[in-house]
Student: 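My structure is below; once you've seen it, I'll send some questions.
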Protein chains: 2
Amino acid sequence: MSSQLKPGTSNACNIIALSLACEVNDVLRDISPRWKMQVLHRIAAGTNQFSSLKVAFPSLSDQILGKRLAELVSDKLIDKNIIEVKAPKRIHYFITDKGLELLKIIDDLHKWGLKWRDLL
Amino acid sequence: MSSQLKPGTSNACNIIALSLACEVNDVLRDISPRWKMQVLHRIAAGTNQFSSLKVAFPSLSDQILGKRLAELVSDKLIDKNIIEVKAPKRIHYFITDKGLELLKIIDDLHKWGLKWRDLL
DNA sequence: GCAATAACTCACCCGAAAGTGAGCCTTTAT
DNA sequence: ATAAAGGCTCACTTTCGGGTGAGTTATTGC
């Protein structure tokens, strides 16, 4: 993922320390940005255009949606087909195998959350 | 989890929108704080005191460790036995069933990360 | 000749999370 | 009488990420 970290800061050092300690942190960082897994889930469900995703998430702004889509693509969780290059552009997004496998685990996480919600 | 959100901000509104859209966001928010799953994993592995956790994670400060432990307890992912009330206090942490089940999923996430790391 | 459409990108702001310095409590050892 | 041990908490500063406003591109319809 594209993270803007000022090198040399204690913050950046700790990120490095975390990664060395355990690779799962990279994964957690990649999946935790707001709306990201939501959008991935939607794309898996067949909502495959920028504009229809906007409709699906009315409180998500264009800018953040664009950012999340770019992240998902660079993470190779989704891929895109360029249908029309000239404006108005048309692009179709679709989930990759990597993304599908991730979604299964996210779904386990979801079930876990429901199971223990308000329990004991 | 204890989150300090100023009500009425667009930020807070979006958190609410996210929660309504899908409960998995709450879970993602709970597991993504830095060091948290790391610490949970360590406790599961038997490192059960504040001071020994400090040794296990040299670049993690007392303050953040304290915060993470408090979060883990309030999430009921760990519990604590108070061995000695008077200073120097002695407290043993241990993982709960809820925490154990979560760790299994985190481990899946870890495996997923390794599998797809540097793969196409 | 103006607006709308689709899919973005840039520059900026602000709140939240991460990190830091210091202090607290009581007992035991020096 | 002072320091260390063990487990924190408070107040403060810095960094990061989410959110917002505006602008871009080229085509089609009014």
Side-chain angles (χ1 to χ4, degrees), chain A residues 1-18 25 28-30 32-36 38-39 47-55 57-73 78 80-93, chain B residues 1-18 25 28-36 38-39 47-55 57-73 80-93:
Chain A
M1 223 197 81
S2 52
S3 59
Q4 247 57 21
L5 285 172
K6 211 175 263 186
T9 59
S10 59
N11 204 354
C13 291
N14 274 330
I15 298 277
I16 293 164
L18 263 170
N25 286 288
L28 287 172
R29 280 175 65 77
D30 284 353
S32 54
R34 224 124 100 180
W35 302 99
K36 195 167 169 183
Q38 217 91 347
V39 170
T47 307
N48 62 350
Q49 289 187 56
F50 194 99
S51 49
S52 35
L53 286 165
K54 268 173 57 174
V55 175
F57 302 107
S59 44
L60 174 59
S61 68
D62 291 21
Q63 296 86 339
I64 302 294
L65 177 56
K67 208 191 258 183
R68 292 294 167 259
L69 286 171
E71 287 168 11
L72 287 167
V73 169
I78 61 172
K80 59 178 177 179
N81 275 335
I82 300 171
I83 308 293
E84 179 57 62
V85 181
K86 296 192 200 162
K89 289 186 215 167
R90 266 180 185 278
I91 285 164
H92 281 180
Y93 294 98
Chain B
M1 225 196 81
S2 51
S3 60
Q4 247 56 23
L5 287 171
K6 209 175 263 185
T9 59
S10 59
N11 203 354
C13 290
N14 273 330
I15 297 276
I16 292 165
L18 265 169
N25 286 288
L28 286 173
R29 282 175 62 77
D30 284 353
I31 67 170
S32 54
R34 224 125 98 180
W35 303 101
K36 195 166 168 183
Q38 217 91 346
V39 170
T47 307
N48 63 350
Q49 288 186 57
F50 194 100
S51 48
S52 34
L53 287 165
K54 267 172 57 174
V55 175
F57 302 107
S59 44
L60 174 59
S61 66
D62 291 21
Q63 296 84 340
I64 301 292
L65 177 56
K67 208 191 256 185
R68 292 292 168 262
L69 286 171
E71 287 169 12
L72 287 167
V73 168
K80 59 179 178 178
N81 274 336
I82 300 171
I83 309 293
E84 181 56 63
V85 181
K86 295 190 200 163
K89 288 187 215 168
R90 267 180 183 278
I91 285 165
H92 282 180
Y93 294 98

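The sequence lines fix the lettering, A, B, ..., with proteins before strands; numbering per chain opens at 1.
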Student: Between dG7(D), dA18(C), dG19(D), which one does the side chain of Q49(B) approach most closely?
Tutor: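 The listed nucleotide nearest to Q49(B)'s side chain is dG7(D).
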
Student: Rounded off to whole Å, could you give me the CZ-to-P distance for the R29(A) and dT15(D) pair?
Tutor: 15 Å

Student: Which nucleotide sits closest to the side chain of K80(B): dT20(D), dG7(D), dC8(D)?
Tutor: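 Of dT20(D), dG7(D), dC8(D), dC8(D) is nearest to the side chain of K80(B).
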
Student: Provide, to the nearest angstrom, the distance between the NZ atom belonging to K54(B) and the P atom belonging to dT20(C).
Tutor: 14 Å

Student: At what distance, to the nearest 0.5 angstrom, does CD1 of I78(A) lie from CZ of R68(A)?
Tutor: 12.0 Å

Student: Below the 4.0 Å mark, does dG18(D) have OP1 or OP2 next to a side-chain nitrogen or oxygen of R34(A)?
Tutor: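 It does not, given that no N or O in the side chain of R34(A) lies less than 4.0 Å from OP1 or OP2 of dG18(D).
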
Student: Taking all non-hydrogen atoms of both residues into account, name the closest pair between E84(B) and P88(B) and its distance.
Tutor: CG-O, 4.0 Å

Student: With rounding to the nearest 0.5 Å, note down the distance linking CG in D30(B) to CG in N25(B).
Tutor: 10.5 Å

Student: With a 4.0 Å limit, can you tell me whether R68(B) has a side-chain N or O closer than that to the phosphate oxygens OP1/OP2 of dA18(C)?
Tutor: yes

Student: Looking at CD of Q63(A) and CG of L60(A), how far apart are the two atoms once the value is rounded to the nearest 0.5 Å?
Tutor: 9.0 Å

Student: Take the protein atom CD of E84(B) and the nucleotide atom C1' of dC8(D), then report the distance between them rounded to whole Å.
Tutor: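 Rounded to the whole Å, the gap is 16 Å.
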
Student: Rounded to the nearest 0.5 Å, what's the gap from NZ on K36(B) to CG on L72(B)? Could you check?
Tutor: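 CG of L72(B) is found 5.5 Å from NZ of K36(B).
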
Student: Can you see if the side chain of S51(B) gets near the phosphate of dA5(D) - specifically, an N or O under 4.0 Å from OP1 or OP2?
Tutor: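 Checking dA5(D) against S51(B), no side-chain N or O comes under 4.0 Å of OP1 or OP2.
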
Student: I'd like a list of close polar pairs between nucleotides 9-12 of chain D and the protein, N/O only, cut-off under 3.5 Å.
Tutor:
none

Student: Once you round it to whole Å, what is the distance between P of dA18(C) and CG of L28(A)?
Tutor: 12 Å

Student: Under 4.0 angstrom, heavy atoms only, what part of the nucleic acid is I91(A) near: base, sugar-phosphate, or nothing?
Tutor: sugar-phosphate

Student: Distance check needed: dG7(D) P versus N81(B) CG, whole Å only.
Tutor: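 Spelled out: CG on N81(B) to P on dG7(D) is 13 Å.
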
Student: Working to the nearest 0.5 angstrom, can you tell me the gap between S61(B) OG and W35(B) CH2?
Tutor: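 The CH2 atom of W35(B) is 9.0 Å from OG of S61(B), to the nearest 0.5 Å.
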
Student: Atom CD in Q49(B), atom CD1 in I83(B): separation rounded to 0.5 Å?
Tutor: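 If we round to the nearest 0.5 Å, Q49(B):CD and I83(B):CD1 are 8.0 Å apart.
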
Student: Using only side-chain N and O atoms of W35(A), determine if any of them is under 4.0 Å from OP1 or OP2 of dG19(D).
Tutor: yes

Student: Figure out the CG/P separation between L65(B) and dG19(C), and round it to whole Å.
Tutor: 12 Å

Student: Got F57(B) and L65(B) here, is their nearest side-chain heavy-atom distance under 4.5 Å?
Tutor: no

Student: May I ask you to test the K80(B)-H92(B) pair for a side-chain heavy-atom distance under 4.5 Å?
Tutor: no

Student: Take atom CG of N25(A) and atom C1' of dA17(C), then tell me their distance rounded to the nearest Å.
Tutor: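 Atom CG in N25(A) sits about 16 Å away from atom C1' in dA17(C).
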
Student: L69(B) CG to dG7(D) C1': how many Å, rounded?
Tutor: 9 Å

Student: With the criterion being N/O to N/O and under 3.5 Å, what pairs connect the protein with nucleotides 27-30 of chain C, and how long is each?
Tutor:
| residue | atom | partner | partner atom | Å |
| --- | --- | --- | --- | --- |
| dT27(C) | O4' | A87(B) | O | 3.3 |

Student: Can you tell if the side chain of F50(B) reaches within under 4.5 Å of the side chain of I91(B), non-hydrogen atoms only?
Tutor: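 They are not in contact (no side-chain heavy atoms under 4.5 Å apart), so the answer is no.
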
